[in-house]
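These numbers come from the heavy atoms of this one structure, side chains and all, not from hydrogens, waters or symmetry mates. Predicted, not measured: the structure shown is a model, and the values here were computed from it.
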Number of protein chains: 2
Amino acid sequence: MFKKQQLTKTECSQSMQAIKDALQVLSGKWKLPIILALSDGPLRFKELQRAVNNITPKILSKELKELELNEFVERTVHATSPVTVEYNLTPYSGTLEKLIAELQSWGLQHRQYIFSKSKMRKAVEA
Amino acid sequence: MFKKQQLTKTECSQSMQAIKDALQVLSGKWKLPIILALSDGPLRFKELQRAVNNITPKILSKELKELELNEFVERTVHATSPVTVEYNLTPYSGTLEKLIAELQSWGLQHRQYIFSKSKMRKAVEA
């Protein structure tokens, strides 16, 4: 279980606040997948929509606006004809790298856990 | 920014799926704060409600049920009179430790970042 740390009441409420802050900024199921999709380089709206499966244009556009506001994503308009718009990660989004890696490895192990449990259940029922 | 990793298409969609899995299980702003509150030891419903500020009994009860289903939290009924009910973390919840620590440290640095930006803005306006 968790390492026992004796926290003072202020420290404890600070940790809790930090976690709430992080969850608020990264809320919803799309923001981190969008950031992950952009981690290989800039993408246009349609490309991004394909990279993040099953997202509707309306939601993608809303999420991109929030990601821009929080300075994780930049929108660049190129003066081609017709204009092209690209989305790319800001340097600040790099602060999320370790967090994303942690979510990824936890998600993988959780899937394996659920999978091995359901196999065990089937073996018992057989 | 992110370390350049050349991922194959399958690897990339696996990472994306892992992140979506993790976000789905931990969705909402309460689950991780509840787990953090229980990390010091078992608590009763009312104590837990106090530890996680501003949560309503209805939401706490709903979140606890989901946490039980996903095997992060155990509910123990003690045969006192009247009966007392305690909630405590399962060993499996320990797999979340690094992820919670990462969210915490990212949340702290994000707050400092926002704070230093607003100070800079005020200095420019003054």
Side-chain angles (χ1 to χ4, degrees), chain A residues 1-7 12-41 51-54 70-71 88-111 113-114 117, chain B residues 1-7 12-41 51-54 70-71 88-111 113-114 117:
Chain A
M1 237 165 285
F2 287 71
K3 261 176 252 130
K4 272 268 168 270
Q5 309 168 296
Q6 282 305 324
L7 294 180
C12 179
S13 83
Q14 269 173 354
S15 327
M16 191 129 349
Q17 191 53 53
I19 290 183
K20 282 192 199 161
D21 285 352
L23 290 173
Q24 194 171 18
V25 175
L26 306 169
S27 65
K29 59 177 181 170
W30 295 114
K31 294 204 179 59
L32 291 173
I34 292 172
I35 291 176
L36 187 72
L38 289 172
S39 67
D40 273 343
V52 186
N53 299 327
N54 307 322
N70 280 305
E71 300 185 22
N88 61 286
L89 295 183
T90 61
Y92 187 61
S93 76
T95 58
L96 289 169
E97 188 172 5
K98 269 167 75 185
L99 182 58
I100 291 184
E102 210 44 70
L103 269 169
Q104 216 166 305
S105 78
W106 189 84
L108 275 177
Q109 79 80 30
H110 187 63
R111 176 164 282 235
Y113 175 72
I114 299 290
K117 260 196 3 188
Chain B
M1 239 165 285
F2 287 70
K3 263 176 252 130
K4 271 268 168 270
Q5 309 168 293
Q6 282 306 325
L7 294 180
C12 178
S13 83
Q14 270 173 355
S15 327
M16 192 133 345
Q17 192 53 53
I19 291 183
K20 282 191 197 161
D21 285 352
L23 290 173
Q24 193 172 18
V25 175
L26 306 169
S27 65
K29 58 177 182 172
W30 295 114
K31 294 203 180 59
L32 291 173
I34 291 171
I35 291 175
L36 187 72
L38 289 171
S39 66
D40 272 343
V52 185
N53 299 327
N54 307 322
N70 280 305
E71 299 185 22
N88 61 285
L89 295 183
T90 62
Y92 186 62
S93 75
T95 58
L96 290 169
E97 189 173 6
K98 267 168 76 186
L99 182 58
I100 291 184
E102 210 45 70
L103 269 170
Q104 215 166 306
S105 79
W106 189 84
L108 275 177
Q109 79 80 30
H110 187 63
R111 177 164 281 235
Y113 174 72
I114 299 289
K117 260 196 2 187

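Each of B:A101, B:S105, B:A22 has some count of heavy-atom pairs under 4.5 Å with chain A, and the biggest count is that of B:A22. Here A:H110 is the residue among A:H110, A:Q24, A:K29 with the most heavy-atom pairs under 4.5 Å with chain B.
For a residue to count as touching a neighbouring chain, one of its non-hydrogen atoms must lie under 4.5 Å from one of that chain's; by this rule A:K117 touches chain B with the side chain only. Only the side chain of B:K20 has a heavy atom closer than 4.5 Å to any heavy atom of chain A. At a 4.5 Å heavy-atom cutoff, the contact between A:A51 and chain B is made by backbone atoms alone.
Rounded to the nearest 0.5 angstrom, B:L103 CG and B:L108 CG are separated by 11.0 Å. Rounding to the nearest 0.5 Å gives a distance of 15.5 Å between NZ of A:K31 and CG of A:L36. The line from CG of B:L32 to CG of B:L99 is 6.5 Å long, rounded to the nearest 0.5 Å. The CD atom of A:Q109 sits 11.0 Å away from the CG atom of B:D21 when rounded to the nearest 0.5 Å.
Under the 4.5 Å side-chain criterion, counting only non-hydrogen atoms from C-beta, A:W106 is in contact with B:V25.
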